[in-house]
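Here the structure is laid out as structure tokens; the discussion comes afterwards.
Excluded from the calculations below are hydrogen atoms, water molecules and symmetry mates; all remaining heavy atoms, backbone and side chain alike, are included.
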Amino acid sequence: LQSTSLTELSAELAALHHDLGVQNIATTSTLNDVAGRLNKNVSKLTQGACWVTAAVNSTAPDVDAILVADARPDYVTIAQEFARLAQPSTGKSLGLILVSAAAVRQVVAAWRALAIEDLDVEDAISRTAVTYGGKDRPLSWNEIPPELHSFIHQDGPQSEAERAVMQGIKKLGDPWDEWMGRLKAWRKGRPDPLTDPLYNVRKAVYQGHELGKWLHKQRVLYALGGLSSRKAAALRDTGLWLNVEEEWFERGIDELKKFVKLKQTNRVSSLAVTESGFHLGEWVVQIRNKQRHGRLSQEQIRRLKEAFMLWRPSEMPPSFFAHPEDPDAATVTRTIEEELRKLRWRPITERRRHFRKLVLMHHPDVSQDKHAGTTINFLAEVKDWFLAGG
């Protein structure tokens, strides 16, 4: 929103009612009865068809828009309103997060709250960070990936939307994704495979950024098990860094997961060949031989076990479920355990979204429960188990 005064802001909100049918607006502001003054103005401008309430005082089951008007960033307050924003109602076609010009610092808080609530937003921010890294300059509206476009209602100057996107990327985007964007931009147009990839990559520089040194660091992190599977896969796709044996292991893990989920068994015949033509049976035999001789890393062993166990929803690692001695705290964690057991074999996107909600609900910065610290520690212990597997 462009307005800096309550009068102008009221007019903008009334215009949103006229253009988009927005009726019920909840504001996170608690300063100087902002909600009351806005409500008086907006109701008058819309003949009572649109109203504004303070989020903390509202009892409505749903809202059409969240108005962020405080200068102090507070993503928790915004996130707590998402349940009502997502609640369907007659005539409601979308839910809006509105940030006033006086609360520009809240743009980042709004993006953070969205990313916590919706995995697609997190992925869109990641993709946009890659694009930003490749351009090595602020993105124009047309350069912003469509995945992020879909979360922005753009009816004002494009420069405002561009600024809002760049604020979110610079504060919430992973710098690693920016480096990946630079690597892809550097890689584009070069022969495949490179005639001397080790030499070229080692000395690679893009727009003053030393890609060679960065890529070497990623190789070291990977060797130490400090690189996530998402980042390893992204780097592998560039064709610049993994050796044949590592690629063979990754391919086997992917094929094993598909086989186990499709066949609902972890018994793989030595003659098994997947639909893609991969000799999975031979791969399993060789991998088990490597494991017996201590030639697999702990991370590889963990991923191998995870792939084999995909078909057994009743199997629960008991070491993950140690509960606190305090009876009241244990009641909370056991309730969460039961909840996670029921959801463990749901799609990964659903599990990640649910886990984020639990973290937000029980985080000591938000929850007033005296056992919040114990509960958040329990969630940290079961996180890897609950989110394992695609």
Side-chain angles (χ1 to χ4, degrees), residues 126 174 176-177 179-180 183 193 197-198 201-202 214-321 340 344-345 347-349 351-352 355 380-390:
S126 176
D174 189 339
W176 190 95
D177 289 317
W179 278 100
M180 173 52 63
L183 182 63
L198 185 60
V201 174
R202 183 179 296 168
W214 177 78
L215 191 57
H216 173 71
K217 181 180 179 180
Q218 305 313 302
R219 286 170 171 160
V220 173
L221 286 173
Y222 178 79
L224 296 175
L227 204 61
S228 71
S229 57
R230 177 185 77 86
K231 293 178 179 179
L235 282 169
R236 189 179 305 110
D237 288 343
T238 66
L240 297 177
W241 78 306
L242 288 181
N243 60 37
V244 175
E245 186 171 354
E246 289 171 329
E247 186 67 34
W248 175 74
F249 178 81
E250 295 296 334
R251 173 72 183 281
I253 288 291
D254 289 341
E255 295 288 350
L256 179 59
K257 287 182 177 180
K258 294 175 184 177
F259 179 90
V260 170
K261 293 179 73 173
L262 178 64
K263 303 294 185 180
Q264 290 291 288
T265 179
N266 59 10
R267 297 182 181 277
V268 182
S269 165
S270 60
L271 301 177
V273 178
T274 66
E275 293 181 356
S276 64
F278 184 77
H279 291 260
L280 182 61
E282 295 180 9
W283 181 87
V284 170
V285 170
Q286 294 184 50
I287 285 295
R288 284 176 172 165
N289 185 54
K290 285 177 176 288
Q291 185 177 6
R292 282 195 297 270
H293 290 83
R295 292 167 58 192
L296 293 182
S297 68
Q298 289 301 311
E299 173 64 12
Q300 287 176 319
I301 293 174
R302 183 193 68 78
R303 295 183 61 199
L304 189 63
K305 289 181 178 179
E306 174 188 302
F308 269 117
M309 300 310 293
L310 284 179
W311 77 285
R312 300 179 67 181
S314 61
E315 180 116 359
M316 299 286 186
S319 61
F320 280 10
F321 300 105
L340 296 183
R344 173 61 181 85
W345 303 102
I348 183 63
T349 53
R351 283 182 279 144
R352 290 185 67 177
F355 195 83
E381 290 177 6
V382 301
K383 177 181 179 181
D384 289 343
W385 163 76
F386 184 63
L387 300 180

>> Using the side chain to side chain donor-acceptor pair (under 3.5 Å) criterion, which residues pair with Ser276? Sequence neighbours excluded.
In response: Arg251, Glu255, Thr274
> Rounded to the nearest 0.5 Å, how far apart are NE2 of His216 and CD of Gln218?
Replying inline: 10.5 Å
>> Restricting to side chain to side chain donor-acceptor pair (under 3.5 Å), what partner residues turn up for Asp254, sequence neighbours left out?
In response: none
>> Restricting to non-hydrogen atoms, name the atom on Leu340 and the atom on Phe386 that form the minimum distance, rounded to 0.1 Å.
In response: O-CE1, 3.4 Å
> Between Glu299 and Arg302, is there a side-chain N and carboxylate O pair less than 4.0 Å apart?
Replying inline: yes
> Any side-chain heavy atom of Leu215 sitting closer than 4.5 Å to one from Trp179?
Replying inline: no
>> If you apply the rule side chain to side chain contact (heavy atoms under 4.5 Å, CB included), what do you find for Arg230 with Asp177, and how did you get there?
In response: CA-CA 11 Å; Arg230 177 185 77 86; Asp177 289 317; 3.2 Å; yes
> Under a 4.5 Å cut-off applied to non-hydrogen side-chain atoms, are Gln291 and Gln300 in contact?
Replying inline: no
> Shortest non-hydrogen contact from Leu256 to Ala307?
Replying inline: CD2-CB, 3.7 Å
>> Suppose we screen for side-chain contact (heavy atoms from CB on, under 4.5 Å). Which residues come up paired with Ser229, at least two apart in sequence or across chains?
In response: none
> Considering residues at least two apart in sequence or located in another chain, which fulfil the salt bridge (charged side-chain N to carboxylate O under 4.0 Å, His left out) criterion with Glu282?
Replying inline: none
>> How close do Ser270 and Val285 get, counting heavy atoms only, and between which atoms?
In response: CB-CG2, 4.0 Å
> In Å, rounded to the nearest 0.5 Å, how long is the span from NZ of Lys231 to CG of Asp174?
Replying inline: 4.0 Å
> Which residues pass the side chain to side chain donor-acceptor pair (under 3.5 Å) test with Trp283, sequence neighbours left out?
Replying inline: none
> How far does CZ of Arg267 sit from CZ of Phe259, to the nearest 0.5 angstrom?
Replying inline: 11.5 Å
> For Arg288, which residues count as a side chain to side chain donor-acceptor pair (under 3.5 Å) partner, sequence neighbours excluded?
Replying inline: none
